[in-house]
Amino acid sequence: MAIERTFSMIKPDATRRNLTGAITKMLEDAGLSVVASKRVWMSRREAEGFYAVHKERPFFGELVDTMTSGPTVVQVLQGENAIAKNREVMGATNPESADEGTIRKTHALSIGENSVHGSDAPETAAAEIAYWFSDTEIVG
Ligand code: DAT
Ligand code: MG
């Protein structure tokens with residue numbers, strides 16, 4: 001399996017509870033390396049653009065409210081099979097359904113305040129990395 005990069009975000013519910021380090025440690029312990037990282041308080045326009053794929057969903061307004069409610073930490077993760085591995089460590093979208101030991105089972109508050117985002121495929125990983133980072137900010 002090739003070395004991949006994926007995009008990860010620590011959401012406002014988690015930064016607010018001072019979980020940036022704890023969540024990053026869970027990612028690193030799974031073999032993922034943080035090759036870019038910055039703290040961003042996104043605007044509504046940025047959140048709407050980032051989550052444009054969900055704009056017709058009933059929870060879209062709530063999603064944008066949540067994502068703009070405080071700072072996030074956006075990251076690029078690198079490692080073997082990074083896209084799938086990150087999704088595995090994150091756990092299911094709804095923390096009630098997430099496996100024991102996952103980030104969402106351990107830390108998430110609800111389906112909307114679920115602590116982390118992670119790209120779901122190579123195409124979305126490339127697009128989401130480019131949405132938040134320039135090439136020179138990524139140091140592998
Ligand atoms: P994931 O973040 O696991 O990729 P997704 O892409 O289906 O999940 O949804 C994006 C985010 O939207 C999710 O992390 C939280 C929010 N969301 C999804 N379903 C929701 C729902 N039924 N109610 C409220 N927020 C929801
Ligand atoms: Mg998704």
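Note that ligands are numbered from 1 as they come in the structure, with each ligand's atoms numbered from 1 the same way.
Taking a 6.0 Å sphere around CG of D99, one finds it holds 12 or fewer heavy atoms contributed by other residues, nucleotides or ligands.
With hydrogens left out, the protein atom closest to atom 15 (C) of ligand 1 is I111 O, 3.2 Å, a heavy atom. Ranking the protein heavy atoms by distance from atom 2 (O) of ligand 1 puts R104 NH2, 3.0 Å first. Protein heavy atom at the shortest distance from atom 21 (C) of ligand 1 is F59 CD2, 3.6 Å. Looking only at protein heavy atoms, the nearest one to atom 6 (O) of ligand 1 is H54 NE2, 3.1 Å.
Between I10 and T24 the shortest side-chain heavy-atom distance falls below 4.5 Å. You'll find the side chain of L77 stays beyond 4.5 Å of the side chain of K85, heavy atoms only.
Near L63, with a cut-off below 4.0 Å to any heavy atom, the atoms of ligand 1 are 11 (C), 12 (O), 16 (C). Within ligand 1, the atoms closer than 4.0 Å to a non-hydrogen atom of R87 are 1 (P), 3 (O), 4 (O), numbered from 1 in the order shown. Taking every non-hydrogen atom of N114 and a distance limit under 4.0 Å, the qualifying atoms of ligand 1 come out as 13 (C), 14 (O), 15 (C). Residue contact check: E62 has heavy atoms under 4.0 Å from atoms 24 (C) of ligand 1.
Any N or O atom pair closer than 3.5 Å counts here, and T93 shares at least one such pair with ligand 1. Remark: ligand 1 and Y51 share no N or O pair separated by less than 3.5 Å (distance only, no angle test).
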Let me have the donor-acceptor pairs involving side chains of residues 28-40, under 3.5 Å, with sequence neighbours excluded, atom names and distances please.
residue	atom	partner	partner atom	Å
D29	OD1	K25	NZ	3.2
D29	OD2	K25	NZ	3.0
K38	NZ	W132	O	2.6
K38	NZ	E137	OE1	3.3
K38	NZ	E137	OE2	3.2

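If you look at E113 next to ligand 1, there are no close heavy atoms at all, none under 4.0 Å.
Residue contact check for ligand 1: H117 places no non-hydrogen atom closer than 4.0 Å to it. Residue contact annotation: M90 has no non-hydrogen atom under 4.0 Å from ligand 1. By the 4.0 Å heavy-atom criterion, M9 is excluded from the residues contacting ligand 1.
Remark: side-chain polar atoms of Y131 are paired, donor with acceptor, to backbone N or O of F50 under 3.5 angstrom. When atom types are taken as modelled, the side chain of W41 and the backbone of T72 share no donor-acceptor pair closer than 3.5 angstrom. The backbone N or O of G118 sits less than 3.5 Å from a side-chain atom of R87, completing a donor-acceptor pair.
Between H117 and Y51, the ring planes are perpendicular. Angles over 60° get that label, and only those under 30° would be called parallel.
Look at R17 and E113 and you find no salt bridge, because none of the NZ, NE, NH1 or NH2 atoms lies under 4.0 Å from a carboxylate O.
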